[in-house]
> 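Handing you this structure, nothing more for now.
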Amino acid sequence: MTLGRIALARIPATRGTIHRLFSTTLSSSSTNRTSPPLSRHMSMKSDNLVSKLTSSGLLKTQGLIDGKWVDAHDGDTIKVLNPATGEVVANVPCMGQSETNDAISSAYDAFRSWSKLTASERSQRLRKWYDLLISHKEELGQLITLEQGKPLKEAMGEVIYGASFIEFYAEEAKRVYGDIIPSTLGDRRLFVLKQPVGVVGAITPWNFPLAMITRKVGPALACGCTVIVKPSELTPLTALAAAELALQAGIPPGVLNVVMGKASDIGDALLASPEVRKITFTGSTAVGKKLMAGAAGTVKRLSLELGGNAPCIVFDDADLDVAVKGSLAAKFRNSGQTCVCANRIIVQEGIYDKFADAFSKAVQSMQVGDGFSEGVMQGPLINEAAVQKVESFVEDAIFKGAKVLLGGKRHSLGMTFYEPTVISDVTEAMLLSREEVFGPVAPLLRFKTEEEAILMANNTKAGLAAYIFTNNVQRSWRVTEALEYGLVGVNEGLISTEVAPFGGLKQSGLGREGSKYGMDEYLEMKYVCLGDMNRK
Ligand code: SIN
């Protein structure tokens with residue numbers, strides 16, 4: 001099974017030769033694409049930042065295999081770009097199958113000793129890693145903003161969110177209990193042992209360059225597994241910095257490896273190896289399906305956190321302020337680039353006009369710009385392909401009769417900035433309702449009855465997150481139970497936390513991450529029957 005040329009991240013990377021200059025790749029083909037007037041200024045600022053990060057030792061530009069920082073075997077590299085300016089932040093190795101096989105061997109060897117440590121020994125190292133992540137919150141946040149674009153405050157929030165998984169699983173490591181089963185025969189004793197799965201391949205996306213890694217690596221390491229992380233080729237720097245801190249925390253060589261580059265080659269090597277016992281992936285449903293098929297060859301375990309199409313239902317009886325605040329947070333977090341972002345705001349007819357008006361006002365007040373500028377709430381989209389996707393969805397909606405209430409085009413800042421957008425009169429026939437837009441566009445749909453809202457909400461192959469806004473307690477229970485989704489926010493738009501299980505139904509994936517349930521994804525259950533108890 002080959003993954004073909006589809007990148008394992010949500011959107012393909014830009015590759016090229018190594019130059020520390022302005023890249024023209026992001027600004028060559030768009031409509032309103034003058035380089036932002038502030039880019040020369042930002043260039044100096046990010047130059048200073050890059051030097052500061054380099055001297056802190058956290059700007060790593062090599063892969064990590066068996067505790068050593070290494071280049072690609074053929075010396076090939078990829079550029080990491082700042083999406084706000086198009087500048088090249090760094091060049092990292094463009095690795096493939098052979099480096100991945102090295103990483104697999106190193107993880108396989110390290111598994112023997114790491115899995116034999118006591119839970120408390122693993123816990124102490126994870127706790128140390130957590131402390132280091134928190135004490136380097138600022139540098140990690142800066143790296144996230146540099147390579148991913150989200151506003152610095154939001155990036156620091158991601159560091160705290162990401163680190164929380166390491167703290168949580170440092171504690172949970174000590175709670176991997178087995179079981180004793182009452183025997184049916186007097187001379188036997190029956191037990192269940194929980195043991196680590198083994199070597200894990202973790203393939204992670206660009207939208208949360210830290211948190212999607214820690215959410216996987218935390219429980220894996222806590223259980224005694226070892227890991228090969230393949231971060232998105234768009235955002236590898238945060239992953240490398242986190243891995244450096246893991247080494248400093250005393251996590252032994254080979255326990256955590258990082259390879260990046262040719263996504264399909266790396267994915268194929270992980271899938272082909274019988275030594276890799278599990279793949280955990282966050283990304284598109286299309287790639288998730290390929291991984292699922294590819295894992296069949298060696299019957300690997302899988303956790304898949306795939307695309308969503310989150311409905312956000314606002315009932316007539318909702319508190320308007322709560323609904324506006326919650327929908328805004330659910331829609332515009334990370335410029336709309338999360339798989340739990342509200343993708344369809346479904347509003348009851350009695351409150352529709354009032355909601356559309358108040359929501360548009362709130363959206364209008366959001367400042368767009370470089371994530372390092374004070375007060376900015378919306379950064380750029382990750383790359384040109386992302387903007388083109390948003391544009392095509394908006395064009396489709398307008399063509400089919402929707403009305404743009406706000407935004408609806410590229411931002412005058414140029415590059416990959418897009419105006420926060422509100423679109424009314426959206427119908428289920430439009431792309432905006434059918435697929436994940438993954439950008440700052442809020443489509444408003446209208447409904448009459450509760451039954452209709454539930455039908456509309458469930459009319460999708462996805463089933464990750466859903467939100468409802470209502471002041472009626474009975475309705476909140478009824479609708480929550482009827483929604484075919486793995487996560488439901490009631491009168492709340494931000495629901496992700498390390499202590500709760502995160503994952504989807506239907507084609508949004510398999511398994512759960514975070515919480516005590518997230519541990520089970522990395523544990524095998526072994527039944528033991530001890531016979532002949534009465535022998536003297
Ligand atoms: C995601 O977008 O994949 C994760 C979002 C979250 O953890 O809240």
Side-chain angles (χ1 to χ4, degrees), residues 7-11 144 148-151 154-169 202-219 229-232 234-235 238-239 242 279-288 291 303-310 312 326-343 379 381-382 386 389 435-440 462-467 485-489 492-515 517-518 521:
L8 290 173
R10 290 179 195 273
I11 292 173
I144 292 173
Q148 199 273 340
K150 67 178 71 171
E154 198 174 337
M156 304 260 246
E158 184 187 337
V159 179
I160 293 170
Y161 177 46
S164 73
F165 290 103
I166 303 301
E167 183 191 38
F168 183 86
Y169 287 109
I203 302 171
T204 60
W206 50 264
N207 61 344
F208 289 87
L210 181 69
M212 295 305 101
I213 292 176
T214 51
R215 190 152 84 179
K216 293 168 169 48
V217 173
V229 175
K230 202 243 27 114
S232 163
L234 301 179
T235 56
T238 311
I279 299 286
T280 170
F281 170 68
T282 296
S284 73
T285 303
V287 174
L291 290 169
S303 298
L304 300 174
E305 199 259 277
L306 309 178
N309 180 2
C312 174
S327 315
L328 195 76
K331 174 67 248 183
F332 290 97
R333 178 176 172 221
N334 200 7
S335 301
Q337 302 173 112
T338 88
C339 52
V340 290
C341 274
N343 202 52
L381 297 194
I382 189 69
K389 178 178 178 188
E435 288 174 33
E436 218 178 6
V437 64
F438 233 65
L464 188 56
Y467 306 89
Y485 288 85
L487 325 166
V488 180
E492 181 54 64
L494 294 175
I495 59 174
S496 304
T497 158
E498 77 280 11
V499 300
F502 188 106
L505 312 186
K506 292 154 85 176
Q507 296 191 21
S508 284
L510 298 173
R512 293 294 180 269
E513 296 192 310
S515 79
Y517 305 104
E521 304 284 322

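Indexing begins at 1, ligand by ligand and atom by atom, following the structure's order.
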> Scan side-chain atoms only and decide if T285 and Q507 contain a donor-acceptor pair under the 3.5 Å cut-off.
no
> Ligand 1 and C339, any nitrogen or oxygen pair closer than 3.5 angstrom?
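Yes - when backbone and side-chain N and O of C339 are compared with those of ligand 1, one distance drops under 3.5 Å.
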> Taking the six-membered ring of F208 as reference, does the cationic atom of K150 (NZ for Lys, CZ for Arg) lie under 6.0 Å from its centre and within 45° of its axis?
yes
> Report, in ascending order of atom number, the atoms of ligand 1 lying under 4.0 Å from any heavy atom of S496.
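Those atoms are 6 (C), 7 (O), 8 (O).
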> Give yes if a backbone or side-chain nitrogen or oxygen of N207 is under 3.5 Å from a nitrogen or oxygen of ligand 1, and no if not.
yes
> Taking only heavy atoms of T338, which atoms of ligand 1 are found under 4.0 Å from at least one of them?
2 (O)
> Residue-level breakdown please: for R333 versus ligand 1, do any non-hydrogen atoms fall below 4.0 Å on the side chain, on the backbone, on both, or on neither?
side chain
> Which of the numbered atoms in ligand 1 are below 4.0 angstrom from a heavy atom of Y161?
6 (C), 7 (O), 8 (O)
> List, one per line, each side-chain donor-acceptor pair under 3.5 Å for residues 492-505, sequence neighbours excluded.
residue, atom, partner, partner atom, Å
E492, OE2, L494, N, 3.0
T497, OG1, V499, N, 3.1
E498, OE1, S164, OG, 3.3

> Kindly write out the residues that satisfy side chain to side chain donor-acceptor pair (under 3.5 Å) with T238, not counting sequence neighbours, or none if the list is empty.
E147
> As a quick check of understanding, evaluate side chain to side chain contact (heavy atoms under 4.5 Å, CB included) for L510 and F281, giving each step before the final call.
CA-CA 10 Å; L510 298 173; F281 170 68; over 6 Å; no
> Looking at R512 and E521, does any basic side-chain N land under 4.0 Å from a carboxylate oxygen?
no
> Can you find a non-hydrogen atom of M212 under 4.0 Å from ligand 1?
yes
> Please report whether ligand 1 has a polar contact with T282, defined as an N or O pair separated by less than 3.5 Å (distance criterion only).
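There is no such contact.
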